[in-house]
**Q** 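First the structure, which I've put down as structure tokens, then a few questions once you've had a look.
By convention in this document, chain letters (A, B, ...) are assigned in the order of the sequence lines, proteins followed by strands, and residues within each chain are numbered from 1.
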Protein chains: 2
Amino acid sequence: MHTLTGPAKRRALLEELASRHVRLTAQRRLLLGIIQEAERHLDAAALLAAAQAHDPRVNRATVYRTLALLKKLALIDELDLMHLEGEKHFYEAKRQSDHMHLACFRCGKILEYSSPTFERLKAEIAERSHFAISVTRLEIGGLCADCRAAGRDAAATKGGDGLKEQRANARAGL
Amino acid sequence: MHTLTGPAKRRALLEELASRHVRLTAQRRLLLGIIQEAERHLDAAALLAAAQAHDPRVNRATVYRTLALLKKLALIDELDLMHLEGEKHFYEAKRQSDHMHLACFRCGKILEYSSPTFERLKAEIAERSHFAISVTRLEIGGLCADCRAAGRDAAATKGGDGLKEQRANARAGL
DNA sequence: CTGATTGCAAAGAATTTGCACTGCT
DNA sequence: AGCAGTGCAAATTCTTTGCAATCAG
């Protein structure tokens, strides 16, 4: 997961934009680079912060506009990650094969998973519903292996309360 | 799709809440009923409007709090429907088997689709990643059968621009 | 009774927009 | 040169919260 090839990948994105005759401003180069080198899923605020570390003049609006552009050009995917921590969106550069995201409600960890079965499912859907698929988003919420074990232990004593669980409880007024 | 059994289903939800010792206020009964009888996916605003049609005193906050409660109790699923029209969430009563949502970027139509392949995929994920799945959300964006055809026609003349496409274009400043 | 639930209105988080200015190509 | 892109700050959209009043069990 997050197998980054570094410069190679980065150039690919830049070239992709250039070949599509998209203007390459300093801001876009910077943002593209950050998105591609990212070791974790970035939200708009994190991307903005990272960009401003290099050049404080990069503006929030530019970040949102650039993300919208890249999404429209199908170069990045937008994720909700099960709204584990608020309603913000996360972004990642598109890769060869789609993958799904497993979000742990307890520790907040995000696991990635890809499978031929998913590809088969998509093909099946396309064929049977005559739908031309352009984006897929498969997000799964639950407990990761570690937290399943930890949860069993904690349940014996106090009753484990994780990230998402806390938020949900608060909202439901529990 | 949207095969509603009416009263039967409604009672089921009420009883489910009662059996869990959840207080059944007039507001909750009303909201539950609306959610279960709904013929389409409801967002918080639509749910509020529908509720207020019966009783104008139902408050926005109560709607959000009730949705949070039902989500926490795993009685409803929250959907993003590919953010086709803003960032609001949609809700639907949970059913026996999970299904995915196909969102048409052009006409905004939402199709539902369920498949044993999806069930197999979930089983595979659970087994291989040792993840305890509690919620899944599979959303697919693209063009529905009708719009694929319409798009081909329109492309010949003006170049079809649909709901989501318009918003995306606007955001990307195109 | 008594704590859970509600209404209200104000606050909050995330994102978008209008407009004047800047900078690619 | 000329239009796409940007910064800025205000506006929007959707959702949450604090607190006093109300209600279910």
Side-chain angles (χ1 to χ4, degrees), chain A residues 14 17-32 41-49 51-52 55-73 78-81 83-91 164 166-174, chain B residues 14 17-32 41-49 51-52 55-73 78-81 83-91 164 166-174:
Chain A
L14 276 177
L17 285 181
S19 78
R20 300 207 204 181
H21 310 296
V22 172
R23 285 199 185 177
L24 288 173
T25 63
Q27 289 91 330
R28 286 181 178 171
R29 287 172 199 277
L30 180 52
L31 291 171
L32 280 178
H41 299 110
L42 293 168
D43 61 12
L47 180 54
L48 174 62
Q52 289 185 329
D55 180 348
R57 277 174 303 178
V58 178
N59 190 269
R60 194 190 311 111
T62 300
V63 168
Y64 281 107
R65 289 193 274 234
T66 301
L67 287 171
L69 174 67
L70 294 175
K71 188 166 66 155
K72 179 178 170 46
L73 296 179
E78 184 182 74
L79 316 171
D80 291 311
L81 298 184
H83 307 301
L84 225 57
E85 39 177 282
E87 301 304 321
K88 55 191 159 207
H89 295 135
F90 296 86
Y91 300 87
K164 175 74 172 186
Q166 280 168 11
R167 293 181 58 94
N169 286 346
R171 245 175 317 211
L174 302 178
Chain B
L14 275 177
L17 285 181
S19 78
R20 300 208 204 180
H21 309 296
V22 173
R23 286 200 183 178
L24 289 174
T25 63
Q27 290 90 330
R28 285 181 179 171
R29 287 172 199 276
L30 180 53
L31 292 171
L32 279 179
H41 299 110
L42 294 168
D43 59 13
L47 180 53
L48 173 62
Q52 289 185 329
D55 180 347
R57 277 174 303 180
V58 178
N59 190 269
R60 194 195 303 108
T62 300
V63 168
Y64 280 108
R65 289 192 274 232
T66 301
L67 287 171
L69 174 66
L70 294 175
K71 188 167 67 155
K72 177 178 171 48
L73 295 179
E78 184 182 73
L79 316 170
D80 291 311
L81 297 184
H83 307 302
L84 226 58
E85 38 177 284
E87 300 306 322
K88 56 191 157 207
H89 295 134
F90 295 87
Y91 300 87
K164 175 72 172 187
Q166 279 168 11
R167 294 182 58 95
N169 286 346
R171 246 176 315 213
L174 301 177

**Q** Rounded to the nearest 0.5 Å, how far does CD of A/Gln52 lie from CG of A/Leu30?
**A**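 If I round to the nearest 0.5 Å, the distance is 10.0 Å.
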
**Q** Within the pair B/His89 and D/dC14, is there a side-chain N or O less than 4.0 Å away from OP1 or OP2?
**A**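 No, outside the criterion.
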
**Q** Separation of A/Leu67 atom CG from C/dT17 atom C1', in whole Å?
**A**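 It works out to 17 Å between those atoms.
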
**Q** Specify the separation, in whole Å, of atom CG of B/Leu48 and atom C1' of D/dT13.
**A**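 So the two atoms are 15 Å apart, to the nearest Å.
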
**Q** To the nearest Å, give me how far apart CZ (B/Arg29) and P (D/dA24) are.
**A**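 Atom-to-atom, B/Arg29 to D/dA24, this comes out as 9 Å.
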
**Q** Assign A/Ala44 to base, sugar-phosphate, or nothing according to its heavy-atom contacts below 4.0 angstrom with the strands shown.
**A**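 It contacts sugar-phosphate atoms only.
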
**Q** Return the value, rounded to whole Å, for the distance between atom CZ of B/Arg60 and atom P of C/dG12.
**A**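 Nearest whole value for this atom pair: 16 Å.
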
**Q** Within the structure, does a side-chain N or O atom of B/Tyr64 lie under 4.0 Å from either OP1 or OP2 of D/dT16?
**A**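 False: B/Tyr64 side-chain N/O out of range (4.0 Å or more) of D/dT16 OP1/OP2.
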
**Q** Nearest whole Å is fine: how far is C/dT6 P from B/Leu30 CG?
**A**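 For the pair B/Leu30 CG and C/dT6 P, the rounded distance is 11 Å.
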
**Q** Phosphate oxygens OP1/OP2 of C/dT6: is one of them under 4.0 Å from a side-chain N or O of B/Asn59?
**A**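 So the side-chain polar atoms of B/Asn59 never come under 4.0 Å of the phosphate oxygens OP1 or OP2 of C/dT6.
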
**Q** DNA chain D: B/Ala61 or B/Ala26, which has the more 5' nearest nucleotide?
**A**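 Nearer the 5' end of the strand: B/Ala61.
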
**Q** Check whether any side-chain heavy atom of A/His89 sits under 4.5 Å from a side-chain heavy atom of A/Leu67, and report yes or no.
**A**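 Of all side-chain heavy-atom pairs linking A/Leu67 with A/His89, none is under 4.5 Å.
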
**Q** Which one, C/dG7, C/dT5, C/dG23, comes nearest to the side chain of B/Gln27?
**A**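 The answer is C/dG7.
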
**Q** Could you please spell out the steps behind the side chain to side chain contact (heavy atoms under 4.5 Å, CB included) verdict for B/Gln27 and B/Thr66?
**A** CA-CA 9 Å; B/Gln27 290 90 330; B/Thr66 301; 5.8 Å; no

**Q** Nearest-nucleotide wise, let me know which of B/Val22 and B/Ala45 is further upstream toward the 5' end of DNA chain D.
**A**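 Nearer the 5' end of the strand: B/Ala45.
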
**Q** Any donor and acceptor pair, going by atom type alone, linking the side chain of A/Arg60 with main-chain N or O of A/Leu48 inside 3.5 Å?
**A**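 Pair absent, no side-chain N/O of A/Arg60 close to backbone of A/Leu48.
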
**Q** Does C/dG7 have OP1 or OP2 under 4.0 Å away from a side-chain N or O of B/Thr62?
**A**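 Indeed, a polar side-chain atom of B/Thr62 lies that close.
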
**Q** What is the distance, to the nearest angstrom, from the CD atom on A/Glu87 to the P atom on C/dA13?
**A**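 Interatomic distance, CD of A/Glu87 to P of C/dA13: 13 Å.
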
**Q** Mind calculating the distance between CG (A/Leu81) and C1' (C/dA14) to the nearest angstrom?
**A**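 In whole Å, C/dA14 C1' and A/Leu81 CG are 15 Å from each other.
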
**Q** Whole-Å distance between C/dT16 P and A/Leu69 CG?
**A**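 Spelled out: CG on A/Leu69 to P on C/dT16 is 13 Å.
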
**Q** Of the nucleotides D/dG25, C/dC8, D/dA4, which one has an atom closest to the side chain of B/Arg65?
**A**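 For the B/Arg65 side chain, the nearest candidate turns out to be C/dC8.
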
**Q** Show the nearest heavy-atom pair for residues A/Phe90 and A/His41, with the distance to one decimal.
**A**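 Looking at all heavy atoms of both residues, the shortest contact is CD2-O, 3.7 Å.
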
**Q** Looking only at side-chain atoms of B/Thr25, point me to the closest of D/dA24, D/dT15, C/dG7.
**A**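 It is D/dA24.
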
